[in-house]
Amino acid sequence: MSIASKYDPSQTEAKWYAYWMEHKLFSSKVDPSKEPYTIVIPPPNVTGVLHMGHMLNNTIQDVLIRRARMQGKNACWVPGTDHASIATETKVVQLLKEKGIDKKDISREEFLTHAWEWKEKYGGIILEQLKKLGASCDWDRTAFTMDAGLSDAVITVFVDLYRKGKIYRGIRMVNWDPKGQTALSDDEVITKEIASKLYYIKYQIEGETDQYLTIATTRPETIMADVAICINPNDPRFTHLKGKKAIIPLINRAIPIIEDEYVDMEFGTGCLKVTPAHDINDYELGLKHKLEVIDILNDNGTLNEKAEILVGEDRFIARKKIGKLIDEIGQLEKIEDYKSNVGHSERTDAVIEPKLSLQWFLKMDEITKPAFSSVMEDIIQLHPPKFKNMYRAWMENVRDWCISRQLWWGHQIPAFHLPNGEFVVAKTAEEALEMARKEYDSSYTMEDLKQDEDVLDTWFSSWLWPISVFDTEVFSTGKPNEELKYYYPTNDLVTAPEILFFWVARMIIAGYEYMGEKPFKNVYLTGIVRDKQGRKMSKSLGNSPDPLELIAQYGADGVRTGMLFSSPAGNDLPFDEKLVEQGRNFANKIWNAFRLVKGWEIDPKLEGSENKASIAWFENRFQEALEEINDHFEKFRISDALMSTYKLVWDDFCSWYLEMIKPAYQQPIDQATYDRTIVFFEDILKLLHPFMPFLSEEIWHQIKERSVEESLILSTWPDQHSFDKKITEEANQVFEVVSQVRNLRASKGMSPKEALDLSINAKSPELYNRFAAVLRKLANLSSLNFSEKVDNAMSFVVKSDECFIPMGDSINIEEEKANLQKEIEYTKGFLTSVMKKLSNERFVAGAPAQVVENEKKKQADAEAKIKALEESLAKLG
RNA sequence: GGAAGUUUAGCUCAGUUGGUUCAGAGCAUCUGCCUUACAAGCAGAGGGUCGGGGGUUCGAAUCCCUCAACUUCCA
């Protein structure tokens, strides 16, 4: 029998994923006899392909879900995608363009047909990629935010909130692209630093000839939309202006001079022109001071008749012309060069025009209250908790949520506009017609109804996700079905801090609004995956490795562990391929440990008594590590859980335990030791499974033939029971002796093959006798005995036991003496610091008893060690 | 402009209520080894004024003040 010395993941990963799928081992069914453990996936964008952020996020979810499954819970991980209005629509528009089709030339229905076609073709790619990672989602539950049921839920919720008076229409400033004639989200706007000019324009004070104030603006073409001049009330330069009016040049309209501390006295002239229709800050200021709004721009960026002059001119041409006109009337003070940040359309590169438009809003003041307190009171816990601050800041200053988008791909708003200018909100057109007839005009027909053109924000559907993936009807019935009752609230949510408000907070809001209950207990916030230079990994930068290629190269297990080695909750993950390499090496290490054990032959005649101490030690060590690992998991310290597992496997199991019990070359092992070792190996595979599902399942089945039900994925997490700390401490003392002997050999340039004699002046030889076989094997000793004094020996002290290695004539006495002297001095220094504390009355009186006790123990240990060292020194003569 | 966070070994990070986990881990580095499971490995070693300064305390990486640098969110 020969097993390859290098583990080849490609052989096993496809096999086991298919096996798990075939036998439906990821599947979860309602089962009241079992405790549910539920995670809903943060639905990736249908247009998406797997990137490193998904890899990290989904690895963590899979680790959590696999461990929960092994803990005997009914583990349910619901996968799915969201329709991502903006991103998908952009993609489809582009695709159509390549085919020579312009969105403006086709109808909404035609466009949606294309979009759906596209979705059917490419929408599932990312989910298929997740399978390569090993994600154990219940794929039969795969949901999409635009599935019929989920869509229905969204519409129901809109109507419901509208009828509750929580949804209203209002004016809002949007990013308008005059070239593309569409509103853009902030994400689609690219801010560029542009060299522009600052125009200093003089406005005459009303009723006072030759009295002027000067404003500075980069947009002189908007002066016709001015409705006020604002000064800082604390500005001594302008006290004389208070309560007066200024006259807009060229059109000679008088506007009030108002006061607000918002105005920066340092910037410009200290006088601010207020143009609510064309600047977001001015709009806010306008609201505050109840100012009129004058919009002088058409949708295509030309001036309209409200401008009074230059009507029909493009905004940029108007800018130049206004500058000139003002100069001609002598009211242009100067023009300065100025650098300003200007938003541009990602798609058309047109300069974005802030534009007021009628949008739909959700009132946030009342509806957010339970969501706010549940996080503040830790009913929902954020991990790490530092995000509570951010959450609070947002919730305390929450603004109404603009839920409409000027797009076609998504859930069309169920508002129907009527010829009389009114509208009705209803789930269906039929219902709407009925309402319209009843409320306004009984002669209305279907043709009179015009459904709102806009769709809802994608978050307005994904905020229902933890509910709607289980039950799409509860929003209208108010009665949760069996699924929802069983799985809701879900347990853990794993997502990025960037969408804490966009998504997480809103899910909590919807959870309380529609279920009266939180949607999840824990929110684990991952960091951003960055490259070595600290830049966010992104497609456009091209600095992200292809995840599937990484998997092909290092194996999914290697990639999973690699990602987790360095990703504490909430911290960014500085990705380095070295980490993935480490993961792969770890897999290989485990594989080779298995090769070793698998290769042993058993001799039933052997007793194996020399291995008893090693077995007892590992048993205890395993329990010690298990306690630590479980603790890390409870605290969502996934990286630490992995690191503890890594060290248990590599250091304790491979480097110590296997070496301790390993028979000499081609020698057999006894039955009892073999059996125990297999049990240890199996326990270790269990701990490894959440991190490295493929490798662990492979070895699990190679250990022996097992049925589907006996698969590792379904096995039970090791039980935690008490352990004897004394045993692990004693073993550490023995290991210390081994290390010291090895160290000594290395420092003297001796070959490891050179066997040495070891004598120990031990207070209790029992310990060393118990581990005698181990000492001989690992330290390569030709003999082990106990004596008080050995001539011509090198020595070292472990605890307070002197250890001697006789060197005959080759020993350098002076060097040995110097070494001992150095150690004595160090220990004495340490003792002094301890004594200083103990002789300090305030310390003894003030410190807790335990601390004082510890110091006394330190004192005793140090004294014993000094004594042993001094004896060794004396023996050297 | 407003708010929060971070700063500990070359890198990435632990370090809970001030006191044995107190200066740690992994990786990287250096030295010696192809020792029959593994060179994707084994054995050993070195490396830090805990961002600077000040304070509180018997005692500070840990608490307070201050300065500096970086990051993120909101505007």
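Here is how names work: the chains are called A, B, and so on, in the same order as the sequence lines, proteins then strands, and each is numbered from 1.
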For this session: Considering non-hydrogen atoms only, spot the tightest contact between A/K777 and A/M660 and give its length.
Result: NZ-O, 2.7 Å
For this session: Select base, sugar-phosphate, or nothing to describe what A/S747 touches, counting heavy atoms under 4.0 Å on all strands.
Result: nothing
Problem set entry | Pairwise P distance for B/U12 and B/A28, with rounding to whole Å | 15 Å
Exercise. Looking only at heavy atoms, which two atoms of A/S614 and A/F771 are closest? And how far apart?
Worked result: N-CE2, 4.3 Å
Exercise. Residues in side chain to side chain donor-acceptor pair (under 3.5 Å) with A/D683, at least two apart?
Worked result: none
Problem set entry | Selected nucleotide, minimal atom distance to A/K589 side chain, candidates B/A40, B/A45, B/C38 | B/C38
For this session: Quick one: list whatever passes salt bridge (Lys or Arg N to Asp or Glu O under 4.0 Å) with A/K647, sequence neighbours left out.
Result: none
Exercise. Where each pair must be Watson-Crick or G-U wobble with both distances under 3.5 Å, what dot-bracket representation of RNA chain B is obtained, with crossing pairs in [ ] and other-strand partners as |?
Worked result: (((((((..((((.....[....)))).(((((.......))))).....(((((..]....)))))))))))).
Distances under 3.5 Å between protein N/O atoms and the N/O atoms of nucleotides 62-65 of chain B, please, pair by pair.
none

Exercise. What's the CG-P distance between A/N585 and B/A28, to the nearest Å?
Worked result: 8 Å
For this session: In whole angstrom, give the distance that lies between atom CZ of A/F680 and atom P of B/A37.
Result: 21 Å
Problem set entry | Nearest-Å distance for atom pair CZ/C1', residues A/R595 and B/A40 | 12 Å
For this session: Any salt bridge (charged side-chain N to carboxylate O under 4.0 Å, His left out) involving residues 733-743 of chain A? Give me the pairs, sequence neighbours left out, ordered by first then second residue.
Result: none
Exercise. Just wondering, are more than 12 heavy atoms of other shown residues or ligands nearer than 6.0 Å to CD in A/E634?
Worked result: yes
For this session: Could you pick out which residue, A/D640 or A/F501, lies toward the 5' side of RNA chain B when each is mapped onto its nearest nucleotide?
Result: A/D640
Problem set entry | Partners passing side-chain contact (heavy atoms from CB on, under 4.5 Å) against A/K799 (at least two apart in sequence or in another chain) | A/Q733
For this session: Report the distance from atom CZ of A/R392 to atom C1' of B/A4, rounded to the nearest whole Å.
Result: 11 Å
Exercise. Is the shortest side-chain N to carboxylate O distance from A/D400 to A/R172 below 4.0 Å?
Worked result: no
Exercise. 5'-most contact on RNA chain B: A/S739 or A/E581, nearest heavy atom basis?
Worked result: A/E581
Exercise. Is any side-chain heavy atom of A/V523 closer than 4.5 Å to a side-chain heavy atom of A/F387?
Worked result: no
For this session: Would you mind classifying the nucleic acid contact of A/R745 as base, sugar-phosphate or nothing, using non-hydrogen atoms under 4.0 angstrom?
Result: nothing
Exercise. Which residues satisfy the side chain to side chain donor-acceptor pair (under 3.5 Å) test with A/E498, sequence neighbours excluded?
Worked result: A/K536
For this session: Measure from CZ on A/F586 to C1' on B/G41 and round the result to the nearest Å.
Result: 15 Å
For this session: Using the C1' atom on both, measure B/A61 against B/A43 and round to a whole Å.
Result: 33 Å
Exercise. For A/Q740, which contact category applies under a 4.0 Å heavy-atom criterion: base, sugar-phosphate, or nothing?
Worked result: nothing
For this session: For B/G47 and B/C30, measure between their P atoms and round to the nearest Å.
Result: 16 Å
Exercise. Mind checking whether A/W650 and A/F586 have parallel, tilted or perpendicular rings, split at 30° and 60°?
Worked result: parallel
Exercise. Nearest-Å distance, CG (A/N592) to P (B/C38)?
Worked result: 6 Å
Problem set entry | Distance, P atom - from B/C64 to B/U56, rounded to whole angstrom | 15 Å
Exercise. Between A/N620 and A/I727, is there a donor-acceptor pair closer than 3.5 Å when you use the side chain of the first and the backbone of the second?
Worked result: no
Exercise. So what does A/A393 touch, heavy atoms closer than 4.0 Å: a base, only the sugar-phosphate, or nothing?
Worked result: nothing
Seminar exercise, completed: The nucleotide from B/A40, B/A37, B/A75 with an atom nearest the side chain of A/C654 is B/A37
For this session: Applying side chain to side chain donor-acceptor pair (under 3.5 Å), name anything that partners A/Y554, two or more places apart in sequence or on another chain.
Result: A/E577
For this session: For A/R219, enumerate each residue passing the side chain to side chain donor-acceptor pair (under 3.5 Å) test, keeping only those at least two apart in sequence or located in another chain.
Result: A/E221, A/E353
For this session: Measure the distance from CG on A/D631 to P on B/A14 and round it to the nearest whole Å.
Result: 16 Å
For this session: Flag yes if more than 12 heavy atoms outside A/K856 fall under 6.0 Å of its NZ atom; otherwise flag no.
Result: no
Problem set entry | Distance between C1' atoms of B/A9 and B/G15 (Å, rounded) | 14 Å
Exercise. Backbone N or O of A/E627 within a donor-acceptor pair of the A/D631 side chain at under 3.5 Å?
Worked result: no
Problem set entry | Distance below 4.0 Å between A/R742 side-chain N/O and B/G44 OP1 or OP2 | yes
Problem set entry | Sugar-phosphate, base or nothing in reach of A/N389, heavy atoms under 4.0 Å | sugar-phosphate
For nucleotides 30-36 of chain B, which of its nitrogen or oxygen atoms have a protein nitrogen or oxygen under 3.5 Å away, and what is each distance?
residue, atom, partner, partner atom, Å
B/U36, O2, A/Y665, OH, 3.1
B/U36, N3, A/Y665, OH, 3.0

Exercise. Mind checking the C1' distance from B/A68 to B/G51? Whole angstroms is fine.
Worked result: 8 Å
Problem set entry | Rounded P spacing from B/C50 to B/U8 in Å | 11 Å
Problem set entry | B/A45 and B/G55, which share atom name C1', separated by this distance in whole Å | 40 Å
Exercise. What is the distance from CE of A/M390 to P of B/A4, rounded to the nearest Å?
Worked result: 13 Å
For this session: Check whether any side-chain N or O of A/E624 sits under 3.5 Å from a backbone N or O of A/T728 as a donor-acceptor pair, and report yes or no.
Result: no
For this session: Taking A/S639 for its side chain and A/L564 for its backbone only, find out whether a donor-acceptor pair lies under 3.5 Å.
Result: yes
Problem set entry | Residue-level proximity of residues 723-735 of chain A to RNA chain B when a heavy atom falls under 4.0 Å | none
Exercise. What about A/E396: does its side chain form a donor-acceptor pair under 3.5 Å with the base of B/A3?
Worked result: no
Please write out the pairs of protein N or O atoms and N or O atoms of nucleotides 25-27 of chain B separated by less than 3.5 Å, giving the distance to one decimal.
residue, atom, partner, partner atom, Å
B/A25, O2', A/K647, NZ, 3.1
B/G26, O2', A/Q582, NE2, 2.9
B/C27, OP1, A/Y646, OH, 3.3

Exercise. Can we say A/E581 and A/K578 salt-bridge, meaning some charged N sits less than 4.0 Å from an Asp/Glu carboxylate O?
Worked result: no
